[in-house]
Structure formats: structure tokens, C-alpha cells
J.: 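If you scroll down you'll find the structure; I have some questions about it.
These figures come from a predicted structure and were not determined experimentally.
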Amino acid sequence: MDLVFSTERQSWPLRLTGDAERTRQALLRALPLPLQLHTPKIAGSHIYWHAPFVEDVEGSTHVLDAPAGAFIYWPVRQFLEITFAPLQAETAHVTVLGHLEAPVEGIAALAADLKREQGRRIFAGTLSRVAAAHDVTQAPSPLPPDLVAAREALWRECPDDIARLTRSRKIMHPAGPLFAAEGEARVLHELLWWLRSERSGTEARVLRHMAAIALDKAATRLRDFCHMDTSPALLFQLKAAMREDLPFDALIDEAILVAGRIGAWIDLLIPWNDLNEALRGALDHGSPSWNG
């Protein structure tokens, strides 16, 4: 046992294996890690939480080949995950970091509770090392301290402009602004990852310009359509930073960490299982006819 994953007054041991050294070191530097669990919407049989680091895939294992009990890092979604059964059809490559050293049935039971309760309450937990930590300290960021501090604050606590997304009862609220915000944050996060993957073949000034446009668009929609303030303000700050003489690699990773965290906080507000059951019920009572 190298790590302990704890939530809901239960703990599970995890063993780190393989040679994904770069991702392993990024993980160890982030420990002990407070976390919030998310229920899957597409891939099915896993639980996951948002990873506070950005790393490319190592080993490139297809996610459908990851066995039950695998402990994986899913780079483009930026998740740390534990699987408990074969995943549903999805095409993606992941980094296998290790495996669960306990029966998967416990994680499956936790996942069932999580699926039922997400959006009603948050399943908080921790991931920590068993042995005392060695020197795996984080190198200082080359970015402006106020930008880094704003990202760290966003990671520590859900901002009020996100928390209040579910409070409005105006016409088609909270569904309209809530899902618009979730979609904006998710797409921005993916676009930034896409731009990051182009670093070796595209001029940095082009990538900076594209990232600035993406940040500006998402921030404007979150501010003007979803009536948020502090979260889009941070995105506007990142947009302005893209036009400064700052190292692009650090800046794009910072933007990914911010966009992903905004999306993750919004995701936790959504009772996905209740919504899915309501959609199934509506569809089962009659699908729309496209032939008049």
C-alpha cells in the first residue's frame, strides 16, 4: 500500500505500479489531496476526482483495457479515477498509475451512492501517502503571484458565483444558466488541452492568440448569460496574461487548471442521475416525430 483514498468514513489502499514516473511525481507533489468525487456520465463504472496537475499521457493505455480496480490518470479530462468494472464504450488513452488493493465491490457500492446523491450533497475525501513524504516540493511558478493565488483560491473552495447558480427560480432557471455554464467551462477546458497539444508544431504567438479568444468567449458567456462574476474575471485575467511576455507552457497549464476547476465545481451541483431518469421517463412516454 502506497496511498490511502478516504471518503464517507471509509478508506481504501492503493498501490502505485508501472513506470509513469512523470505523472507519479506530479501526483506525489499534490499530496495530501482534498478531493470531491464525481459520478460518471458516459464511461460508466468508475469514480473520479479532479487532478490538480497537468501532464501528458504516459504508457498510453486504452481506457477500455484498464482492468477493474485500476487507478488511472485521464489526462484530457484531468481526472484521477478508480475503476470497478469494464467501462462503457469510449475512446481515450490514459496513464495507469497503480491499482486498488481491496475488493472492487466497496468502490462499486460507493459509486452507487454517489450516482444517487450527486447534486444533493458533496462526497468529500482525501488521497494521502502512507509513508512520510520525501522532498517532492513544487517548483515556484514563473507566473504573476496574484494569478497563481487566484487559481489556488478557486481550487480550495467553490466560489459563490458558482454556488448560487442553482438558487434562481426565474423562468427556466436554474437549468438554463447551469447547463450553459457547465458546457462553456467543459468546452473551454477541452480547447485549452487541444491548444496545449499543438505546442511542438505551432508558433506560440498563434497559440496565445487562440487561447485568448477561447478564454474571452467563455468568460463573456459566463458573465453575460450565466450572471457569474469572479470566475469569468479570472478567465479574463488569463486572457490578458496570454498577451504578456510570460512562458506559454506555464500559462496554458494555469489556464487548464482554472477552466477545469470551474467546470468541476459546476458539475458537482448537477443531480445527473435524477435528470437522466427524468429524461428516460419523458422519452419512454413518446419520442418526437420528425415526419410531422
J.: Does some side-chain heavy atom of Gln78 sit less than 4.5 Å from a side-chain heavy atom of Val54?
T.: yes
J.: Between Cys158 and Ile162, what is the shortest heavy-atom contact and its length?
T.: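 Looking at all heavy atoms of both residues, the closest pair is SG-CG2, 3.7 Å.
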J.: For the hydrophobic clusters of this structure (ILVMFWY residues joined by side-chain heavy atoms under 4.5 Å, transitively), does one cluster hold both Val187 and Leu215?
T.: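 Different clusters: Val187 never reaches Leu215 through Ile, Leu, Val, Met, Phe, Trp or Tyr contacts under 4.5 Å.
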J.: At what distance, to the nearest 0.5 angstrom, does CG of Leu207 lie from OG1 of Thr202?
T.: 5.0 Å
J.: What closest approach, in Å, do Ala212 and Lys239 show between heavy atoms, and which atom pair accounts for it?
T.: O-CG, 3.6 Å
J.: Has the side chain of Arg221 got a donor or acceptor atom that lies under 3.5 Å from a matching backbone atom of Asp216?
T.: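 No.
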J.: Check whether any side-chain N or O of Asp2 sits under 3.5 Å from a backbone N or O of Leu16 as a donor-acceptor pair, and report yes or no.
T.: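 The answer is yes, because a donor-acceptor pair under 3.5 Å joins these two groups.
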J.: Give the minimum heavy-atom separation between Ala102 and Pro13, together with the two atoms involved.
T.: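 What the structure gives for the nearest pair is CB-CD, 4.0 Å.
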J.: What class does the angle between the rings of His189 and Trp193 fall in, given that below 30° is parallel, 30 to 60° is tilted and above 60° is perpendicular?
T.: perpendicular
J.: Within a strict 4.5 Å, meaning less than it, do heavy atoms of the Arg116 and Asp274 side chains meet?
T.: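 Arg116 vs Asp274: side chains apart.
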J.: Could you walk me through whether Asp284 and Arg280 pass the salt bridge (charged side-chain N to carboxylate O under 4.0 Å, His left out) check?
T.: CA-CA 6 Å; Asp284 290 345; Arg280 286 180 178 181; over 6 Å; no
J.: Less than 4.5 Å apart, any side-chain heavy atom of Arg196 and any of Leu192?
T.: no
J.: Is it possible for you to check whether Arg261 lies under 6.0 Å from the centre of the six-membered ring of Trp265, through NZ or CZ, and within 45° of that ring's axis?
T.: yes
J.: Decide if the gap between the ring center of Trp12 and the ring center of Phe71 is smaller than 6.0 angstrom.
T.: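 No, ring centres 6.0 Å or more apart.
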J.: How long is the span from the CD atom in Glu182 to the CD1 atom in Ile270, to the nearest 0.5 Å?
T.: 5.0 Å
J.: If every non-hydrogen atom of Ile262 is compared with every non-hydrogen atom of Ala185, which pair is closest and at what distance?
T.: CG2-CB, 4.0 Å
J.: Is Glu157 atom CD crowded by more than 12 heavy atoms from other residues, nucleotides or ligands, each under 6.0 Å away?
T.: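 Check fails, neighbour count at 12 or below.
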J.: Say you draw a straight line from CZ of Arg15 to CG of Leu97; how long is it, rounded to the nearest 0.5 Å?
T.: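 Nearest 0.5 Å value for the CZ-CG distance: 14.0 Å.
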J.: If you look at every heavy atom in Val258 and Arg151, which pair is closest and at what distance?
T.: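 Smallest interatomic distance, heavy atoms only, reads CG2-CG, 3.5 Å.
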J.: Starting from the C-alpha separation in whole Å, work towards a yes-or-no answer on side-chain contact (heavy atoms from CB on, under 4.5 Å) for Met242 and Leu238.
T.: CA-CA 6 Å; Met242 286 290 171; Leu238 283 160; 5.7 Å; no
J.: So, the side chain of Arg129 versus the backbone of Val4: is there a donor-acceptor pair under 3.5 Å, distance only?
T.: no
J.: Please test His99 against Glu101 for side-chain contact (heavy atoms from CB on, under 4.5 Å), starting from the C-alpha separation and ending with a verdict.
T.: CA-CA 6 Å; His99 59 82; Glu101 285 193 318; 3.8 Å; yes
J.: Mind checking the OG1-CG spacing from Thr166 to Leu269? Nearest 0.5 Å is all I need.
T.: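 It is 5.5 Å, given to the nearest 0.5 Å.
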J.: Yes or no on side-chain contact (heavy atoms from CB on, under 4.5 Å) for Leu14 and Ile82, after CA distance, side-chain angles and deciding distance?
T.: CA-CA 9 Å; Leu14 295 169; Ile82 302 172; 4.0 Å; yes
J.: Using a 4.5 Å cut-off on heavy atoms from C-beta on, say whether the side chain of Ile47 contacts that of Leu110.
T.: yes
J.: One pair to check against side-chain contact (heavy atoms from CB on, under 4.5 Å): Leu33 and Leu80. What are the steps and the verdict?
T.: CA-CA 11 Å; Leu33 172 65; Leu80 290 162; 4.3 Å; yes
J.: Please check: side-chain N/O of Gln36 versus main-chain N/O of Ile122, any donor-acceptor pairing under 3.5 Å?
T.: no
J.: Ring-plane angle category for Phe179 and Trp272, please: parallel below 30°, perpendicular beyond 60°, tilted otherwise.
T.: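 Rings of Phe179 and Trp272: tilted, 30 to 60°.
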J.: Over 60° means perpendicular and under 30° means parallel, so tell me whether His38 and Phe79 are parallel, tilted or perpendicular.
T.: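 Correct class here is parallel.
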J.: Are any non-hydrogen side-chain atoms of Leu35 and Leu37 less than 4.5 angstrom apart?
T.: yes
J.: Would you call Asp56 and Arg199 a salt bridge, taking side-chain N to carboxylate O under 4.0 Å as the test?
T.: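 So Asp56 pairs with Arg199 through a salt bridge.
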J.: Checking Ser141 side chain against Leu143 main chain: does a donor-acceptor pair fall under 3.5 Å?
T.: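 Pair found, side chain donor or acceptor close to backbone of Leu143.
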J.: Are side-chain heavy atoms of Arg77 and Glu190 found at a separation under 4.5 Å?
T.: yes
J.: After noting the C-alpha distance and the side-chain angles of Thr23 and Glu58, does the key distance pass the side chain to side chain donor-acceptor pair (under 3.5 Å) rule?
T.: CA-CA 8 Å; Thr23 308; Glu58 284 185 275; 2.6 Å; yes
J.: Nearest 0.5 angstrom please: Arg167 CZ to Leu178 CG, how far?
T.: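 Those atoms lie 12.5 Å apart.
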J.: Here's one to test your reading of the geometry: is the NZ or CZ of Arg121 within 45 degrees of the ring axis of Phe123 and under 6.0 Å from its centre?
T.: yes
J.: Find out whether Met228 and Arg223 are in side-chain contact, i.e. whether some heavy atom of one side chain is under 4.5 Å from a heavy atom of the other.
T.: no
J.: What's the verdict on side chain to side chain donor-acceptor pair (under 3.5 Å) for Asn273 and Glu117, showing C-alpha distance, side-chain angles and the deciding distance?
T.: CA-CA 8 Å; Asn273 187 59; Glu117 295 292 328; over 6 Å; no
J.: Decide whether Phe225 and Leu235 are clustered together by the hydrophobic rule: side chain heavy atoms of Ile, Leu, Val, Met, Phe, Trp, Tyr closer than 4.5 Å, transitively.
T.: no
J.: Please indicate whether His173 has more than 12 foreign heavy atoms, meaning atoms of other residues, nucleotides or ligands, lying under 6.0 Å from its NE2.
T.: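 Count over threshold, so yes.
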J.: Do the ring planes of Phe53 and Tyr73 sit parallel (below 30°), tilted (30 to 60°) or perpendicular (above 60°)?
T.: tilted
J.: Should Val57 and Val96 be regarded as members of a common hydrophobic cluster, given that ILVMFWY residues are connected when their side-chain heavy atoms come within less than 4.5 Å of each other, either directly or indirectly?
T.: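 Val57 does not cluster with Val96.
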J.: Could you tell me whether a side-chain N or O of Ser6 sits under 3.5 Å from a main-chain N or O of Gly125, the two making a donor and an acceptor?
T.: no
J.: Check for a donor-acceptor pair, side chain of Thr83 on one end and backbone N or O of Ala70 on the other, with a separation under 3.5 Å.
T.: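 Yes; at least one donor-acceptor contact below 3.5 Å.
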J.: Verify the cluster assignment for Leu191 and Val206: are they in a single hydrophobic cluster under the rule of side-chain heavy atoms below 4.5 Å apart?
T.: no
J.: Does the side chain of Leu127 come within less than 4.5 Å of Leu31's, by heavy atoms?
T.: yes
J.: Quick one: pull up CD in Gln88 and NZ in Lys41 and give me the separation to the nearest 0.5 Å.
T.: 13.0 Å
J.: If Ile, Leu, Val, Met, Phe, Trp and Tyr residues are connected whenever their side-chain heavy atoms lie under 4.5 Å apart, and connections chain through other members, are Leu114 and Tyr48 in the same group?
T.: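 No, Leu114 and Tyr48 fall in different hydrophobic clusters.
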J.: On a heavy-atom basis, which atom in Thr230 and which in Pro159 lie closest, and how many Å separate them?
T.: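 Of all heavy-atom pairs spanning Thr230 and Pro159, the closest is OG1-CB, 3.9 Å.
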J.: If we ignore hydrogens and angles and just use 3.5 Å, is the side chain of Gln118 paired with the main-chain N or O of Asp267 as donor and acceptor?
T.: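 Looks like yes, one N/O pair under 3.5 Å.
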J.: When you look at CG of Asp19, are more than 12 heavy atoms from neighbouring residues, nucleotides or ligands closer to it than 6.0 Å?
T.: no
